[in-house]
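Model, not experiment: these values are computed from the prediction. Chain letters run A, B, ... following the sequence lines, proteins first and then strands; every chain starts at 1.
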2 protein chains.
Amino acid sequence: MATIYDVAKQAGVSPKTVSRVLNGDGPVNAETRQVVEAAMAELGYVRSNAARMMRATRSGLVGLVTGAISTSIDPTRPTGLPDLFIVQGVQAVLAKAGKTLMIADTAGRQDSVPGLMRTFLEHRVEGLIYVADHHKEIASPGVPSQVPLVLANCFDAAGTPAIIPDDRAGQQGLTESLIAAGHRRIAYVTLMGEMVATRLRLQGYHDALAGAGIAADPALVAAGYREGYAQDGALVENAIDALLALDRPPTVICFGNDEMAMRGYGILRSRGLAIPDDISVAGYDDYRAIAETLFPPLTTVELAYRQLGEVAAAQLLARIEGQSDLPQQTLVPGPVRWRQSVRRLTA
Amino acid sequence: MATIYDVAKQAGVSPKTVSRVLNGDGPVNAETRQVVEAAMAELGYVRSNAARMMRATRSGLVGLVTGAISTSIDPTRPTGLPDLFIVQGVQAVLAKAGKTLMIADTAGRQDSVPGLMRTFLEHRVEGLIYVADHHKEIASPGVPSQVPLVLANCFDAAGTPAIIPDDRAGQQGLTESLIAAGHRRIAYVTLMGEMVATRLRLQGYHDALAGAGIAADPALVAAGYREGYAQDGALVENAIDALLALDRPPTVICFGNDEMAMRGYGILRSRGLAIPDDISVAGYDDYRAIAETLFPPLTTVELAYRQLGEVAAAQLLARIEGQSDLPQQTLVPGPVRWRQSVRRLTA
DNA sequence: CCTTGACATGACATCGGTGTCATGACATCA
DNA sequence: TGATGTCATGACACCGATGTCATGTCAAGG
């Protein structure tokens, strides 16, 4: 591959002049510039990033570590990649700031994180982002403290700056919307109980009920996932049947995510119920491939992953610029997406 | 950040000895090694990739350009990111080969490709992969011919090595399976007509019919998308109603993808038809978030994107190693995923 | 006892750019 | 007319690692 010296020789000037043409700093005679540019074109010159990095203080690189790309290997969650919207948001903000993004994937093995982080440090990244596939607590990635690090969709015990979805407010908002639409018997079929999101959303659900003066009925809350197991079709069916068998059955069922809601559509219909005429359904995530395509389209709560990525990147940039008075935890709200799967009850 | 000289001074040895400890080449006294390692740990030394690249012939980097991450910005395709499985497959193979993957995203704008390619070349990547979001023809990315380039999920007129899904064989295999299950009236609701996949799959559909001696009935083929428009709910409904109104209606409807099939579920049920008892349904893509979660689970054809990525990476590695007798076009087959949405008809 | 070779280590040049400083040719100004 | 400033360009050192070659020490072999 051609070097700046080759170009210089070809053009009959010094390497430094070629450098000036490349970077547009010092003055260069218009004629000389043309000769140099012709030489570069002829030799197919591309400048070496390695060499210029030797002198530069800043690399212009940001590293992102994620399990998102390969999460789907995990058999307990064979499904979506919506968490990649986080990467998308990060990418957009960083590109605008002129940074180049390096992405590495854990390939599902958490123990590969240190090695990946190290590779990034060898490339002298200016900052690091760790993206989790769902809202959870993680072990703190061991990174020298002088390199800014931001966690997206997760948090650690060490207090590393974290950007996470506001699951509590999300489910509260949805529940309040349902109440405003006239619903009083609101069922909730949860994700796995040990998940952070489950705890927070359940809290939001209860907060909304309490705020409206509606007594919480434990019989209306059921588990759609069993700990340690993959999504269990039978469990969702059982949960739904139990809800339908209640003396005062729910008028609406909220599911822990859109996939479960999709499954719910099929199960409810096989029980002879029309959606939303006989029973209303809501999901969570705004997994648009499902929510918008289902018939009828699904009312759900947007998991604002793209925005989450944008916020994470913006905070990282701020930290790179030296700001230190940034919040340790940032909640990203998720708006309710109202569609036709919920019927408005006339009071 | 500490350099190899800092470590050398701290340990009281020459930089070269530190280098030897780092790389484990030349012999180093066990005691000396310990002292050096202690110094490295104390200073938090991380070697500079830029500096070592100066001397190295090989960068160990591979660049991947994709619109996959941001494709969803495109309002006409608001849905999935299953094409990211390609990235996943690439990543897995490259990681095994000890290469580091750099990913750049077009952010939806095709004109950003040259700039991204250039950035990669500045990093002296050993090879490049271009990933498209769906099977299509693209304008040839202008890349110096000495850098190996492989196209994944797309092809160009210049004959750049391309890895693409075998859409024809996929739909043919599905159709043959349906015929084997006793179906004779097989409908096909297509994606947009100008898509490469649509043409190939339609061909596979006809090949299968011809192979079984079944006359093709043009009335059984309908368009589910209109050119230039997003997925049009009304169009799918009209297509289905037209099929159901035929004198000899189909016993099974194949949809152009799983999302359309999901929509089909809702529409068919709203017409009072049970799946698969009254009518069978098949999709395409094996978009598992949908296919496995639908009730009943959807028979479909796997778009072996992960494998496609693996093949692309493997071919790129071979080209990097200097092999040149590799095929210009490689078809990746997609197996039929048989689930409960298709009823076996007793003859 | 001297030669030979393995071991352990260091001096130095080099990779490809860029920052600093120097130089020569003119133009401008007092 | 001489002093000063600007333009255009080049010489040289330097960034941080590593390849090459040289050097010194010590043990084995003749």
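- In this structure, Lys136(A) places its NZ atom where more than 12 heavy-atom neighbours from other residues, nucleotides or ligands lie under 6.0 Å away.
- To the nearest angstrom, P of dC15(D) lies 11 Å from CG of Asp6(B).
- Residue Lys16(A) places its side chain closer to dA11(D) than to any other of dG10(C), dA11(D), dC14(D).
- The CD1-C1' distance, from Ile4(A) to dG16(C), rounds to 8 Å in whole Å.
- When atom types are taken as modelled, the side chain of Arg55(A) and the backbone of Arg52(A) share no donor-acceptor pair closer than 3.5 angstrom.
- Although no hydrogens or angles enter the test, the distance criterion places a donor-acceptor pair under 3.5 Å between the side chain of Asn153(A) and the main chain of Ala132(A).
- OP1 or OP2 of dG10(D) sits under 4.0 Å from a side-chain N or O of Ser14(A).
- Computed from coordinates, the Arg58(A) CZ to dT18(C) P distance equals 17 Å when rounded to whole Å.
- The side chain of Pro27(A) has dT9(D) as its nearest neighbour among dT9(D), dG17(C), dT18(D).
- Scanning residues 28-47 of chain B for heavy-atom distances under 4.0 Å to DNA chain D yields Tyr45(B), Arg47(B).
- Residue Met53(B) contributes atom CE, which lies 12 Å from atom C1' of dG16(C) at whole-angstrom precision.
- Here the C1' atom of nucleotide dT9(C) and the CG atom of Asn23(B) are 16 Å apart, to the nearest Å.
- Atom CG of Asn49(A) is separated from atom P of dC15(D) by 19 Å (rounded to the nearest Å).
- Proximity of a side-chain donor or acceptor of Asn23(B) to a complementary backbone N or O of Asp25(B) within less than 3.5 Å is not detected.
- The environment of CD in Gln34(B) is sparse: at most 12 heavy-atom neighbours from other residues, nucleotides or ligands sit within 6.0 Å.
- Atom-to-atom distance recorded for Glu126(A):CD and Leu316(A):CG is 9.0 Å, nearest 0.5 angstrom.
- Place Tyr5(B) and Met54(A) on DNA chain C by their nearest nucleotides, and Tyr5(B) ends up nearer the 5' end.
- Between Ser19(A) and dG17(C), a side-chain N or O to OP1/OP2 separation shorter than 4.0 Å is absent.
- Atom-to-atom, CZ of Arg52(B) to C1' of dG17(C) comes out at 20 Å; the value is rounded to the nearest Å.
- Residue-to-nucleotide contacts include no donor-acceptor pair under 3.5 Å from the side chain of Arg20(B) to the base of dG19(D).
- Residue contacts for Val13(A): at a heavy-atom cut-off of 4.0 Å it reaches the sugar-phosphate backbone alone, with no base atom in range.
- One atom, CG of Leu22(A), and another, C1' of dT18(C), lie 11 Å apart when rounded to the nearest Å.
- No N or O donor and acceptor, one from the side chain of Arg55(A) and one from the base of dG16(D), sit under 3.5 Å apart.
- Between the side chain of Asp6(B) and the main chain of Ala2(B), no donor-acceptor pair closer than 3.5 Å is present.
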